[in-house]
Amino acid sequence: MKLDSKAPSGPIETAWSHYKDHLKLVNPANRRKHTILMVGTGLGGASAAASLGELGYHVKTFFYHESPRRAHSIAAQGGINAAKNYQNDGDSIYRLFYDTIKGGDYRAREANVYRLAEVSVNIIDQCVSQGVPFAREYGGQLSNRSFGGTQVSRTFYARGQTGQQLLLGAYGSMMRQVKTKNVELYERREMHDVVIIDGKARGIIVRNLITGELESHFGDAVVLATGGYSNVYDLSTSARQSNVTAIWRAYKKGAGLANPNFAQIHPTCIPVSGDYQSKLTLMSESLRNDGRVWVPKKQKDPRAPKDIPEGERDYFLERRYPAFGNLVPRDVASRAAKVACDEGFGVGATGQSVYLDFADAIKRLGHASIESKYGNLFEIYQQITNENPYEVPMRIYPAPHYTMGGLWVDYNLMTTVPGLFAIGEANFSDHGANRLGASALMQGLADGYFILPYTIADYIGGTPLQKVSKDDPAFKEAAKNVQNKIDKLFAVKGGKTIADFHRRLGRTMWDNVGMARNKTGLEKAIAEIKNLRNEFWQNVNVLGDKNNLNPELENAGRVADFLEFGEVMALDALKREESCGCHFREEFQTPENEPMRNDEKFAHVAVWEYQGENQQPARHTEPLSFENVKLTQRNYK
Amino acid sequence: MRLHLKIWRQKNSQTSGKFVDYDVDGVVSDMSFLEMLDILNDSLSKKNEEPVTFDHDCREGICGSCGFMVNGLAHGGVPKTTVCQLYMRNFKDGDTVTVEPWRAQSFPVIKDLAVNRTAFDRIIASGGYISSTVGSATDGNTLPIPRPIAESAFDAAACIGCGACVAACKNASAMLFVSAKVTQMALLPQGQVERAERVEAMVAAMDEEKFGSCTNEAECSAVCPKGISFKTITRMNSEFIRANIFGSGNGE
Ligand SMILES: Cc1cc2nc3c(=O)[nH]c(=O)nc-3n(C[C@H](O)[C@H](O)[C@H](O)COP(=O)(O)OP(=O)(O)OC[C@H]3O[C@@H](n4cnc5c(N)ncnc54)[C@H](O)[C@@H]3O)c2cc1C
Ligand code: FES
């Protein structure tokens, strides 16, 4: 597998504009003759479809949701970063770049991250012009707040519903293109395969979820904007349907899979309350601006929080990391909470949670001010737990939240398959081994509004593309394979529910490929996943029809893919013999329990190449070089 | 807790449906309504019966996927709550609960509790946006917006497009949905340029999709999980009159 990052050399400040100036263009009159297949309409897909439609391309969008507006991006809460320096607090493009590289524990590509920081400022302007109702100061200016891993206020937000407002903005722009017929909607379609002709991605096979029909669509390029795979853990903060299928099927068609083990466990989520639980709810990181994290100093302390005097509380983040305090990056905060609970200091019925306390902030700023900043989050919390966070501290625990890994892409956001692009959370590009808060929305929109429209033109303009049709044998072959797989799922007729397998896979992943990993556990996980997968194909029970809306069938296909993907995740974690960011290998830590990187051997992206059913995939590497930041041990003390 | 459920089962849009009775055991108060249905579905699959289909995704009240009538009330009737955030502490042991899909001509049933709400997308496509081509925006702070205006625009923008307003209305009107978008854009300075065309196009699209007309019952805002105010409808009516009289120019 050839991994040419195409990252430009030369001064990083001007690299992107120089690079852009030399990309090929497609003549405006010719653009409508080119069809682009866009899979996914979250922030990445919707912004890309809107921009490409505006340019005049013919864009077909596919999504398993009923409406583009229901994509998982809608649930993002806290905010979006941009290096505007409106607060005059020393922010700059360089600083956002630096924070992101450092926050990712030096496992991301410098050139991509710099470009991300650079276009971040345009994103805010674009969204404001679309009517996104960002929070404002009394003078009418845009307001900012801080997020973890930074010492400036660069996060723009729309109450606790930033993702919703940004997605509705992008969706609106995309619907404007639907009106002009440049963009077409194919709702309730699930992509099952990528079709490759002459070595290039030229089509997809989708299942119409209402009729069950397998449809073939062809075009000049395929873009996967299909989101992340946190649901490999079963319970996560992702929407219930989010899954790995699109990128997994692309991987099986030759797209390299980068750093699959890099999965972020978010520190502030509502803890699990029972076996019936179907998802974990995030409490936005922005809460750590004003909330203080603590546990009692006594193990298994049975007292109510208000009865524990100040001196008997351990504000462990403030104690361990005085410089950043409660605003350390997510991986650091999550691990610290886990350590506190593992050592018996956890609170709540299960001992698996820590307090996030607003009492001081309410005293200092007043109830009304806290309500205006976090009102809807407090409401969600109360709705779910039946406890009032204005009166008793919230209880929180880490949960799977975001996946930094994904399809490997070059500087053009193209995978190792020519003509197959990946944007948003589906690619691996910018966050290294840990994503900073409010950076995913920024990346999704950067990819879609400001990067892909240029790089896809370069591909289309510079590649000879033969005419193809649905009658090409490659389409027939792919559709047949998809049909066989569906038939095979129905044929098992076993005794166990799909949910049962998902739950067991989730347990194995959480226990062994979660916040702390070690060799024995990872080897155990690989063996367990293999067994579980075999059992699935002998004993799963898929009910309903194949020619009808059938969530059981959809779910079965997704879980089947997770059961293969989970193994590669564990394998990736096993082979990365260092700790970095979210990837904490217990064998590699400093005496203060901080992750210990091994830059000599692992300053690279690990890229997995499919080798066939039940074969161990091949591991390739893309070396990372750092010319604009110095590699140091991350220090938030 | 044990509940008796009467659930609407319908194979597809071509067939007619009927209520089927189920009992579900082991319900606890911290469970959401959808988690209770998950348990029912789990027990149905164990008996080789096809589970009940319902739309859902985020399960935190923001994506707008979920939504059906619970005991005749959209989303179950708890104020500002979607059915995925409706907790079983609102029910008691032995209750009989009726569950059926949104009923509206413009939202045909696809299967069981799932309906087709793509009419909403077509209304948005008719003009529910600000035309701002990527690349042409000026600096975000060149356009200061008074905070109260931004806040009111936000209140209207919070709509999740779940369709409860239509389902609750005896005329199956989509006025609250449309007026929420019209209000957001009419309040913001960015929305002024297309202010008249927008409201006219969206109202026309709403009629074309065969939504009913509004007779000021305000059932819509009463069930809206995001608390969209009935005042947005008043604003839309005045926007519509304004557009009719003055058009998109200055009326001269
Ligand atoms: C609760 C929560 C809060 C968050 N808050 C923040 C925040 O405050 N700030 C921040 O920066 N980030 C936040 N994030 C992360 C951020 O929301 C996501 O990373 C981002 O929205 C992903 O966008 P996306 O466009 O890549 O994918 P998604 O929004 O997940 O969209 C995926 C799309 O792909 C489609 N799709 C997927 N697979 C297929 C298939 N096989 N066939 C057809 N269609 C398919 C889906 O229908 C959907 O349209 C949050 C995440 C969560 C879970
Ligand atoms: S499932 Fe998203 S709003 Fe209920």
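Below, read A as the first sequence line, B as the second, and so on, with proteins coming before strands; counting in each chain starts at 1.
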Any idea which of V542(A), D545(A), I384(A) has the most non-hydrogen atom pairs under 4.5 angstrom with chain B?
I384(A)
Check for a donor-acceptor pair, side chain of Q184(B) on one end and backbone N or O of G131(A) on the other, with a separation under 3.5 Å.
yes
Can you pull out every side chain to side chain donor-acceptor pair (under 3.5 Å) where at least one residue sits in residues 77-86 of chain B? Sequence neighbours excluded, please.
Q383(A)-T81(B)
Under a 4.5 Å heavy-atom cut-off, does chain B meet the side chain of A499(A), its backbone, both or neither?
side chain
Any sub-3.5 Å donor-acceptor pair from E151(B)'s side-chain atoms to P133(A)'s backbone N or O?
no
Based on non-hydrogen pairs under 4.5 Å, which of G127(B), S32(B), S136(B), A137(B) is most in contact with chain A?
A137(B)
Distance-only, no hydrogens or angles: does the N141(B) side chain make a donor-acceptor pair with backbone N or O of Q141(A) under 3.5 Å?
no
Counting heavy-atom pairs under 4.5 Å to chain B, which of E137(A), E379(A), E187(A) comes out on top?
E137(A)
Considering only heavy atoms, which portion of V78(B) lies under 4.5 Å from any heavy atom of chain A: side chain, backbone, both, or neither?
neither
Part of M31(B) lying under 4.5 Å from any heavy atom of chain A:
both
Side chain, backbone, both or neither: which part of T385(A) has an atom under 4.5 Å from a heavy atom of chain B?
backbone
When heavy-atom pairs shorter than 4.5 Å are enumerated against chain A, which of E60(B), E50(B), R89(B), H56(B) gives the highest number?
R89(B)
Heavy-atom closest pair (V128(A) atom, G140(B) atom, distance to 0.1 Å) is CG1-O, 4.0 Å
Donor-acceptor pair, distance only, cut-off 3.5 Å: does the side chain of K279(A) make one with the backbone of C58(B)?
yes
Just wondering, are more than 12 heavy atoms of other shown residues or ligands nearer than 6.0 Å to CD in E49(B)?
yes
Are D121(B) and M175(A) side-chain neighbours, meaning at least one heavy-atom pair lies under 4.5 Å?
yes
Which portion of F156(A) sits near chain B, non-hydrogen atoms under 4.5 angstrom
neither
So do the side chains of I110(B) and R188(A) get within less than 4.5 Å of each other, counting heavy atoms only?
yes
Between N548(A) and K11(B) (side chain of the first, backbone of the second, donor and acceptor by atom type, cut-off under 3.5 Å), is there such a pair?
yes
If only atom types and distance count, is the side chain of Q161(A) paired as donor or acceptor with the main-chain N or O of A158(B) below 3.5 Å?
no
Using non-hydrogen atoms only, which part of D139(B) is less than 4.5 Å away from chain A: side chain, backbone, both, or neither?
both
Is D155(B) salt-bridged to R159(A), cutoff N-O under 4.0 Å?
yes
Using modelled atom types only, decide if a donor and an acceptor are shared between the side chain of E66(A) and the backbone of R117(B) within a distance under 3.5 Å.
yes
Below 4.5 Å, heavy-atom pairs only: which of V28(B), D38(B), N48(B), N116(B) has the largest tally toward chain A?
N48(B)
Report the option among Y449(A), Y138(A), F450(A) that has the most heavy-atom pairs separated by less than 4.5 Å from atoms of chain B.
Y138(A)
Is there any residue in residues 189-206 of chain B with a non-hydrogen atom under 4.5 Å from a non-hydrogen atom of chain A, and which ones are they?
Q190(B)
Whether D55(B) and R70(A) form a salt bridge (side-chain N of Lys/Arg under 4.0 Å from carboxylate O of Asp/Glu) is what I want to check.
no
Separation between CD1 of I39(B) and OH of Y276(A), rounded to the nearest 0.5 Å
9.0 Å
Contacting region of I160(B) [heavy-atom separation from chain A under 4.5 Å]:
both
Where does I145(B) contact chain A at under 4.5 Å (heavy atoms): side chain, backbone, both or neither?
both
S278(A) backbone acceptor or donor facing E35(B) side chain under 3.5 Å:
yes
Counting heavy-atom pairs under 4.5 Å to chain A, which of G128(B), A153(B), G161(B) comes out on top?
G161(B)
At a heavy-atom distance under 4.5 Å, which candidate from G61(B), S126(B), P146(B) has the highest pair count against chain A?
S126(B)
Is it the backbone or the side chain of T138(B) that comes under 4.5 Å from a heavy atom of chain A, or both, or neither?
backbone
Counting only non-hydrogen atoms closer than 4.5 Å, does Q277(A) touch chain B with its backbone (N, CA, C, O), its side chain (CB onward), both, or neither?
both
Can you give me the closest heavy-atom contact between P144(B) and G139(A), atom names plus distance?
CB-O, 4.0 Å
One option among N550(A), N541(A), N386(A) has the most heavy-atom pairs under 4.5 Å with chain B, and it is N386(A)
Measure distances from K84(A) to the heavy atoms of chain B and classify the residue's part below 4.5 Å as side chain, backbone, both or neither.
side chain
Before you tell me yes or no, could you show the steps for K179(A) and Y129(B) under side-chain contact (heavy atoms from CB on, under 4.5 Å), namely the whole-Å CA-CA distance, both residues' side-chain angles and the distance that decides it to 0.1 Å?
CA-CA 11 Å; K179(A) 188 179 181 183; Y129(B) 41 75; 3.4 Å; yes
Partners of R395(A) by side-chain hydrogen bond (donor to acceptor under 3.5 Å, both in side chains), sequence neighbours excluded?
S353(A)
Against chain B, residues from residues 119-127 of chain A with at least one heavy atom under 4.5 Å, in numeric order, are D125(A), Q126(A)
For D30(B) and S273(A), the nearest pair of non-hydrogen atoms, with its separation, is CB-OG, 4.4 Å
Flag the one option from T133(B), D57(B), I130(B) with the top tally of heavy-atom pairs under 4.5 Å to chain A.
D57(B)
Can you name the closest pair of heavy atoms from L168(A) and A157(B) and give their distance?
CD1-O, 3.8 Å
Heavy-atom closest pair, residues K46(B) and T497(A):
CG-CG2, 4.1 Å
Could you look at F154(B) and say if it's the side chain, the backbone, both or neither that has a heavy atom under 4.5 Å from chain A?
both
Just so I understand: if I count every heavy-atom pair under 4.5 Å between each of K496(A), Q164(A), R176(A) and chain B, which residue has the most?
R176(A)
Using a cut-off of under 4.5 Å for heavy-atom pairs, which of Q177(A), Q130(A), K493(A), H72(A) has the most such pairs with chain B?
Q130(A)
Please report the closest heavy-atom contact between S51(A) and V134(B), naming both atoms and the distance.
OG-CG2, 3.7 Å
Given that the side chain runs from C-beta out, which part of Q165(A) has a heavy atom under 4.5 Å from chain B: side chain, backbone, both or neither?
side chain
